[in-house]
2 protein chains.
Amino acid sequence: MSSEQVVQTPRRRRNAAETRQLLLHVARIRFIRDGYAATTVRDIADDAGVNVALINRYFTSKEGLFEACLGMAASDINRNVDNITLDQITARMANKIATGTDEGRLQDSLMMLLRTSGEERVNVMRREILHAVSEKLAAAAGRPADEETLLRAQIVLATAIGITLLRTSLRLAPIAAADELDLVGPLTDVVNALLPH
Amino acid sequence: MSSEQVVQTPRRRRNAAETRQLLLHVARIRFIRDGYAATTVRDIADDAGVNVALINRYFTSKEGLFEACLGMAASDINRNVDNITLDQITARMANKIATGTDEGRLQDSLMMLLRTSGEERVNVMRREILHAVSEKLAAAAGRPADEETLLRAQIVLATAIGITLLRTSLRLAPIAAADELDLVGPLTDVVNALLPH
DNA sequence: CACACATGTAAATGTTTGTTTACTTAGTCG
DNA sequence: CGACTAAGTAAACAAACATTTACATGTGTG
């Protein structure tokens with residue numbers, strides 16, 4: 001507290017935590033866009049502007065970095081479906097699918113969940129995350145959490161994933177260009193049809 | 001009885017067309033399951049039990065083999081949505097998603113469409129195929145092919161893709177274990193909600 | 001200030017990759 | 001039969017890969 005510090009990104013030239021976060025950030029983008037196998041550690045290091053060896057220093061391996069990115073996606077998704085109500089599902093889906101607020105975009109986290117490194121541990125993680133999400137969607141329906149309700153909740157989830165995929169990865173027109181207003185109508189129809197009050 | 005009968009593979013010892021088809025078959029499985037980058041040409045050659053060089057002989061390159069697989073998927077999908085009627089969509093979706101008749105499984109062709117080699121030409125192909133499919137679904141709705149109808153048809157397509165993804169790639173319970181009968185109800189609700197008569 | 005350690009880098013490691021080359025073998029036909 | 005060609009193989013190729021090693025340097029602390 002003796003000397004004044006810049007509060008926002010003091011841009012210290014050497015900062016482990018900051019570099020770690022930077023690697024996470026750029027790796028996430030690559031993994032989402034290109035997948036695990038098609039992304040090289042040199043791609044990531046170059047994007048971050050740091051040396052390749054730092055990936056192994058901070059994340060042990062490429063695989064470790066990938067799992068860290070998956071963890072980020074998991075918390076992001078959980079934050080968005082936690083304590084959600086049935087009425088909020090449609091609006092939040094349309095909003096989060098359509099609008100990207102730069103950081104922590106829910107659609108990106110959904111796409112991250114579709115990526116795999118091939119490691120079975122990663123596949124188990126992905127299944128657990130998605131299962132938790134579908135249970136929360138089923139709970140929002142306010143009905144007994146039987147298999148039928150869970151199945152219908154997972155079809156809602158499948159729709160969200162499918163739309164996000166057609167939009168971000170395939171860029172299929174016209175759904176890729178649809179905005180929040182265009183989506184909220186059809187999505188309301190789907191959710192009401194699958195999880196009626 | 002010392003007569004040994006090797007009825008197993010009546011495959012002629014040397015047959016270019018047959019070997020080409022075999023490579024296509026095993027490559028398709030690998031590309032769908034592991035993706036383009038994670039699949040090596042040696043994996044494919046070993047699965048087929050032939051030499052690696054034959055891939056380049058028959059398909060010019062790994063990329064060429066991938067595009068051939070994509071072409072297979074395209075015809076398979078087109079065959080299944082051609083001249084489809086609104087009433088058939090739900091039944092066919094439930095049937096094709098749930099039951100796998102070994103060869104030419106529509107769900108596998110859908111998953112193939114989600115794979116990319118990174119080549120832009122491939123991405124253009126994928127977009128064209130999916131756009132044709134959504135136009136045929138919109139036509140089945142029997143309504144003027146306006147943007148709104150096309151958008152809703154693409155959401156139907158997105159649902160099919162999402163369900164297939166959760167089932168085959170992620171193996172998420174319980175949707176992964178749902179049979180035709182379990183799916184036809186919810187799917188009817190979705191299609192009726194999106195493309196009403 | 002000077003030392004020590006955390007932070008970062010350059011270069012080399014041994015595999016694995018897709019592709020090409022040179023060669024062998026099976027099938028066909030005069 | 002005997003050779004000619006199509007079909008298939010083994011080995012070699014350079015490039016790209018993830019990871020490790022040895023070294024350099026910035027930064028906080030005594």
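Heavy-atom basis, side chains included; hydrogens, waters and symmetry copies ignored. Within every chain, numbering begins at 1; the chains are lettered A, B, ... in the order of the sequence lines, protein sequences first and strands thereafter. Not measured: the values here are computed from a predicted model.
Take B:Asp189 and apply the salt bridge (charged side-chain N to carboxylate O under 4.0 Å, His left out) test, not counting sequence neighbours, and it matches A:Arg152. Not counting sequence neighbours, the partners of A:Arg127 by the salt bridge (charged side-chain N to carboxylate O under 4.0 Å, His left out) test are A:Glu120. With sequence neighbours left out, B:Asp47 forms a salt bridge (charged side-chain N to carboxylate O under 4.0 Å, His left out) with B:Arg30. Checked against ring-ring contact (aromatic ring centres under 6.0 Å, His included), B:Phe66 has the following partners two or more places apart in sequence or in another chain: B:Phe31, B:Tyr36. Residues that satisfy the side-chain hydrogen bond (donor to acceptor under 3.5 Å, both in side chains) test with B:Thr164, not counting sequence neighbours, are absent from this structure. With sequence neighbours excluded, the residues forming a salt bridge (charged side-chain N to carboxylate O under 4.0 Å, His left out) with A:Asp82 are A:Lys136, listed by chain and number.
Rounded to whole Å, the distance from CG on B:Asn15 to C1' on D:dT5 is 16 Å. Rounding to whole angstrom units, CZ of residue B:Arg30 and P of C:dG18 are separated by 12 Å. We find that CG of B:Leu23 is positioned 13 Å from P of D:dA7, with the value rounded to whole Å.
Taking a 4.0 Å limit (strictly below) on heavy-atom distances, residues 52-67 of chain B reaches DNA chain C at B:Val52, B:Ala53, B:Asn56, B:Ser61, B:Lys62. Interface residues of residues 31-42 of chain B facing DNA chain D, ordered by number: B:Arg42; criterion, heavy-atom separation under 4.0 Å.
Residue pairs meeting the salt bridge (charged side-chain N to carboxylate O under 4.0 Å, His left out) criterion with at least one partner in residues 50-62 of chain B, sequence neighbours excluded, do not occur; the list is empty. Within the structure, salt bridge (charged side-chain N to carboxylate O under 4.0 Å, His left out) pairs that include any residue of residues 168-179 of chain B do not occur (at least two apart or interchain).
You'll find the side chain of A:Ile44 stays beyond 4.5 Å of the side chain of A:Thr40, heavy atoms only.
B:Leu151 is not connected to A:Val184 by any chain of hydrophobic side-chain contacts under 4.5 Å among Ile, Leu, Val, Met, Phe, Trp and Tyr, and they are in different clusters.
Counting atom types as modelled, B:Asn51 pairs a side-chain N or O with a base atom of D:dA10 as donor and acceptor under 3.5 Å.
For the helix from C:dC1-D:dG30 to C:dT17-D:dA14, the rotation axes defined at the first and last 5 base pairs enclose an angle of 20°, given to the nearest 10°.
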Write out a two-atom table: protein N or O, nucleotide N or O from nucleotides 4-6 of chain C, distance below 3.5 Å.
none

